[in-house]
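Each remark here refers to the structure printed beneath this line.
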There are 2 protein chains.
Amino acid sequence: MEGDGTRGESKSVSGRQSGRRPTLEEVAALAGVGRGTVSRVINGAPRVSERAKDAVARAVAELGYLPNQAARALAGSRTDAVALVIPETEARVFSEPYFLDLIRGVSAELAAADRQLLLTLVRTEAERQRFEHYLAAQRVDGVLLASVHGDDPLPDRIARLGLPVVMNGRRSEAEPVAYVDSDNIGAGRAAVAHLVGRGRSRIATISGPLDMYVARARLGGYRAGLAEAGIQPDESLEATADFTEEGGRLAMRELLERAPGLDAVFAASDVMAAGARGVLREAGRRVPEDVALVGVDDSTVARLMDPPLTSVRQPIEEMGRTMTRLLLQKIAEESGADEAPEQGVGGQPRQVLPTELVVRDSS
Amino acid sequence: MEGDGTRGESKSVSGRQSGRRPTLEEVAALAGVGRGTVSRVINGAPRVSERAKDAVARAVAELGYLPNQAARALAGSRTDAVALVIPETEARVFSEPYFLDLIRGVSAELAAADRQLLLTLVRTEAERQRFEHYLAAQRVDGVLLASVHGDDPLPDRIARLGLPVVMNGRRSEAEPVAYVDSDNIGAGRAAVAHLVGRGRSRIATISGPLDMYVARARLGGYRAGLAEAGIQPDESLEATADFTEEGGRLAMRELLERAPGLDAVFAASDVMAAGARGVLREAGRRVPEDVALVGVDDSTVARLMDPPLTSVRQPIEEMGRTMTRLLLQKIAEESGADEAPEQGVGGQPRQVLPTELVVRDSS
DNA sequence: AAGTATCGTGGGAGCGCTCCCACTCCCGTG
DNA sequence: CACGGGAGTGGGAGCGCTCCCACGATACTT
């Protein structure tokens, strides 16, 4: 059928330059150089004369040339795209703005490097399968993985496919895969130090699920903080929840029962702090007069609480940027293997970003 | 002698140079058919014999064949990718979970259709430029546009490029571009009807910025609701804010001053309601006893407020799904132009999804 | 001076797919 | 019993790019 005309005619609308989109070949012709030279200029390859660079630049500008990504990917076997994987399970677990901030950081950094962001939310096992197919089909150059659970095999599986990976958060202290995390231990310590500074001594904590490293780290920080202040640890002051509001509520009830004399609570997330706050109110404890309260995340929730919640801020967007930078670096090293002199043996890059206490009225 | 050792031997797990992926050609060879036939089977083209279909399916399974997307895109001039554009300006404006929910819906629907999601956050003019380049470079088959401002030229510009577009929300009542919106007028009406049912009669409203259709629509719904209840409209009961908490605070102060006798407030977003709630507390007005409060979005904020906020829920994720479905349909129609189903003359598809009142303690 | 390393360059050879034309069957028809 | 025609098929011709080899020109050796 000739009826396939869509191709030619829909393009003629853009009209401004000659109908079709210009190709490398046309640029080369106009610049009076060969295809190879144009390609080198476009890709910033080293040995090209100034004269050629100039001519090509002019031709590119005149024709409004834009490289065809598909052709590039086919010929160069790379995609200029990076996947950001978010396991939906955790979307509830962390306070919502978290992922948006992370995406923001990743997106910005990727845009700056002229890379595409492929967002993949995997919630079901089926979607996970599908995603692994994706990877196998080499549709991306690398993978960013958001908050992974303690026993998630995905990171290793991806790494085994030979694809560069960087995670947000880690699965354990000795994480073998490259990651960017925030200083969760520091977060716990800072919170406790602050509470101690406010004259509190019966400081309880509501931690996250202990199969998550982030939860263990914050709990560890809490204990370290107590130790540093010379306060005896007391197991009856430690309760475990699941990062949800309801979990925070339950844990707080438990704590009040076990240790009615507590005068402060460090909740490992703002949302859990919100739950705790409700229970405290029901129990007739004033915040901060009777019980001081500190959360983690510095999310909207913290600001909207009554009283506004003191919280440990994580540099989420910055984590997104950092992990992206790390990944791009790994990708670059991988392709130009000879170009990576400093890289030692088997050492995966890891980075831990500092957290910061934001003091409000709840403490 | 097949010197090609297709199977088994190239199992070196060294990682770097992973065993080559099988190509169409190899599948064809194994299935004992031609390339064309395999392509037809893979793409579900019509006239292929059952026998051939079968042989190909078997070969595909055996080799673990996955089509190379880049090659597909190059040869077929389509990308199987869709861009979701979120203008960052509004990220603050709407309550945060909004976009994540939207992304979730889009992502799910796209995954089901085996399409890639390209997320693009444009915050600066520079990023906007870059994005338009992207589009011009035809790296996507279509574009989804999230909450666009009243005077944004982007939708029209994209449409002019000949790319299918579907927006979330609209710029005005007579939106020329295809869109999916929620029933904002209905939201206002429902809120007012509910408040009237609770015996309130001096019902105020805090609306969003009136250059946004969504704000005008909710305000319109509010007025319609009053009219339906036979209540005289009163301009001193209408205040305008900007969808932020601080804006809600300012508007509430203004309202208390202008109309101290008010007994209810319909805020056009939960976040603004939260701001208003603070002011009411400072002013010694109890919620809901003295003043009933209703928001819109049914976000986390609503649940965490004290008392929990009655709010009009929008089906955000469903909007994401719907707009994606619409877009995919447009894309399909565009390529297989003769297939165009019921779609009439020049009419862009539009859909308005219902909202739903979630009653809590604030009213 | 000739020889050798180096730079800058053009262009052939694909990358893996879709498109489409040509071809073979094999049916029904006149 | 030849004939037109549709169903089913194979494979050539690219899509626009990168890779890489070969080549001439320049620069540096000895």
Side-chain angles (χ1 to χ4, degrees), chain A residues 1-8 11 20-56 59-60 63-80 136-139 141 335-338, chain B residues 17 20-56 59-60 63-80 136-139 141 335-336:
Chain A
M1 275 49 48
E2 262 295 272
D4 184 45
T6 16
R7 281 180 150 188
K11 234 147 273 175
R20 269 176 341 87
R21 276 195 336 127
T23 70
L24 230 204
E25 193 106 32
E26 287 160 20
V27 174
L30 180 59
V33 299
R35 247 175 31 249
T37 303
V38 176
S39 177
R40 260 163 253 140
V41 173
I42 302 275
N43 295 295
R47 42 206 56 166
V48 184
S49 69
E50 282 309 315
R51 216 168 45 74
K53 248 184 239 174
D54 239 59
V56 170
V60 165
L63 294 176
Y65 170 75
L66 287 170
N68 177 315
Q69 288 307 318
R72 247 189 183 169
L74 215 211
S77 53
R78 80 205 148 94
T79 64
D80 280 341
Q138 302 192 309
R139 289 164 79 145
D141 294 335
S335 58
D338 40 308
Chain B
Q17 189 63 0
R20 259 181 350 84
R21 295 206 299 135
T23 69
L24 229 204
E25 194 105 34
E26 287 159 20
V27 174
L30 180 59
V33 300
R35 253 179 23 253
T37 303
V38 176
S39 177
R40 259 164 254 140
V41 173
I42 301 275
N43 296 294
R47 42 206 55 166
V48 184
S49 69
E50 282 309 316
R51 215 168 47 71
K53 248 184 237 175
D54 238 58
V56 170
V60 164
L63 295 176
Y65 170 76
L66 288 169
N68 177 316
Q69 286 309 317
R72 247 188 182 169
L74 215 211
S77 50
R78 78 205 151 96
T79 65
D80 280 341
Q138 302 192 307
R139 289 163 76 146
D141 294 336
S335 57

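Chain identifiers are assigned alphabetically (A, B, ...) following the order of the sequence lines, protein sequences preceding nucleic acid strands; residue numbering begins at 1 within each chain.
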Discussion item. Using a 4.0 Å heavy-atom cut-off, does B/A52 contact any base of the nucleic acid, only the sugar-phosphate backbone, or nothing at all?
Written reply: sugar-phosphate
Donor-acceptor pair, A/R78 side chain versus A/D141 backbone, under 3.5 Å? no
When you compare the side chain of B/V38 with that of B/V33, does any pair of heavy atoms fall below 4.5 Å? yes
Does some side-chain heavy atom of B/N68 sit less than 4.5 Å from a side-chain heavy atom of B/T23?
no
Nearest whole angstrom, please: distance from the [atom2] of [N] to the [atom1] of [X].
| X | N | atom1 | atom2 | result |
| --- | --- | --- | --- | --- |
| B/E26 | C/dC17 | CD | C1' | 13 Å |
| B/R72 | D/dC17 | CZ | P | 22 Å |
| A/L66 | D/dG16 | CG | C1' | 13 Å |
| B/I42 | C/dC19 | CD1 | C1' | 16 Å |
| A/N43 | D/dC19 | CG | C1' | 11 Å |
| A/L74 | D/dC19 | CG | P | 12 Å |
| B/R51 | C/dC25 | CZ | P | 13 Å |
| B/Q69 | D/dC17 | CD | P | 19 Å |

Here the pair of heavy atoms bringing A/L63 nearest to A/P22 is O-CG, 3.5 Å
Shortest non-hydrogen pair, A/A70 vs B/L74, comes out as CB-N, 3.6 Å
What does the list of N/O pairs under 3.5 Å between the protein and nucleotides 21-29 of chain D look like, with a distance for each?
none

Does [N] have OP1 or OP2 sitting under 4.0 Å from an N or O in the side chain of [X]?
| X | N | value |
| --- | --- | --- |
| A/N68 | D/dC15 | no |
| B/S39 | C/dT18 | yes |
| B/T37 | D/dT9 | no |
| B/S49 | D/dT9 | yes |

Show each protein N/O and nucleotides 12-14 of chain C N/O combination with a separation under 3.5 Å, one pair to a line.
residue, atom, partner, partner atom, Å
C/dG12, N7, A/R35, NH2, 3.2
C/dG12, O6, A/R35, NH2, 2.6
C/dA13, N6, A/R35, NH2, 2.9

Can you check nucleotides 4-7 of chain D for protein contacts, nitrogen or oxygen pairs under 3.5 Å, and list what you find?
residue, atom, partner, partner atom, Å
D/dA7, OP2, B/R47, NH1, 3.2

message = Run the side-chain contact (heavy atoms from CB on, under 4.5 Å) test on B/N43 and B/R72 for me, step by step, so that the C-alpha distance in whole Å, both residues' side-chain angles and the decisive distance to 0.1 Å come before the verdict.
response = CA-CA 11 Å; B/N43 296 294; B/R72 247 188 182 169; 3.1 Å; yes
Measuring from atom [atom1] of [X] to atom [atom2] of [Y], what distance do you get when rounded to the nearest 0.5 angstrom?
| X | Y | atom1 | atom2 | value |
| --- | --- | --- | --- | --- |
| A/R35 | A/E26 | CZ | CD | 12.5 Å |
| A/T79 | A/Q69 | OG1 | CD | 9.0 Å |
| A/R21 | A/Y65 | CZ | OH | 8.0 Å |

